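Below is one structure, written out as structure tokens; the observations come after it.
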Amino acid sequence: RQPTEDEIKKGTPEDATADAVPTSGGIPDFWLKVLQNNDATQEMIQERDEAALKLLTDITSTTPEDPNTGFTLEFHFDENEFFTNKVLTKTYNLVEEDFDYLLD
């Protein structure tokens with residue numbers, strides 16, 4: 001059964017099954033499109049990258065205690081044939097040089 005409006009406001013009822021609650025599949029190829037249309041990343045995306053990037057489900061970021069030292073991006077993927085890890089991580093360290101910050 002589908003939950004009522006009151007149940008939705010209170011949370012999922014105990015007797016509701018997972019397949020009874022509609023879920024969104026999201027926008028197809030969302031992260032691929034984001035990366036292809038972002039000025040900072042669009043030139044980095046090659047045709048050979050598209051198949052793997054279609055399986056990208058989320059990008060998260062974390063910053064250390066001192067955010068002026070850098071940040072880490074985590075790329076979350078569905079299971080795929082390209083690599084075994086579901087999360088690929090890239091850490092950027094900011095280096096102060098001539099009062100401009102450069103990505104290392």
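These figures come from a predicted structure and were not determined experimentally. These values consider heavy atoms only, across backbone and side chains, with no hydrogens, waters or symmetry-generated copies.
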_hydrophobic_cluster_shared for L73 and M44, side chain cutoff 4.5 Å_ = no
_Heavy-atom donor-acceptor pair, D49 side chain to A52 backbone, under 3.5 Å_ = no
_Nearest-0.5 Å distance that lies between atom CZ in F30 and atom CG in D58_ = 9.5 Å
_Determine whether a donor-acceptor pair (N or O, by modelled atom type, separation under 3.5 Å) exists between the side chain of N37 and the backbone of K33._
yes
_Treating T57 as the side-chain partner and H76 as the backbone partner, does any N or O pair qualify as donor plus acceptor under 3.5 Å?_
yes
_Close side-chain approach of W31 and L53, heavy atoms under 4.5 Å_ = no
*Could you tell me which non-hydrogen atom of G70 sits nearest to which non-hydrogen atom of P64, and how far apart they are?*
O-CD, 3.2 Å
*I59 versus V34: any side-chain heavy-atom pair under 4.5 Å?*
no
_Let me confirm one number: the CG-CG distance from L56 to N80, rounded to the nearest 0.5 Å._
10.0 Å
*Got a donor-acceptor contact below 3.5 angstrom from the N68 side chain to the D66 backbone?*
no
_Nearest heavy-atom neighbours spanning E50 and Q36_ = OE2-NE2, 3.2 Å
*Does any non-hydrogen side-chain atom of V87 lie less than 4.5 Å from one of T60?*
no
*asked:* Can you confirm if the aromatic rings of F82 and F77 lie within a centre distance of less than 6.0 Å?
replied: no
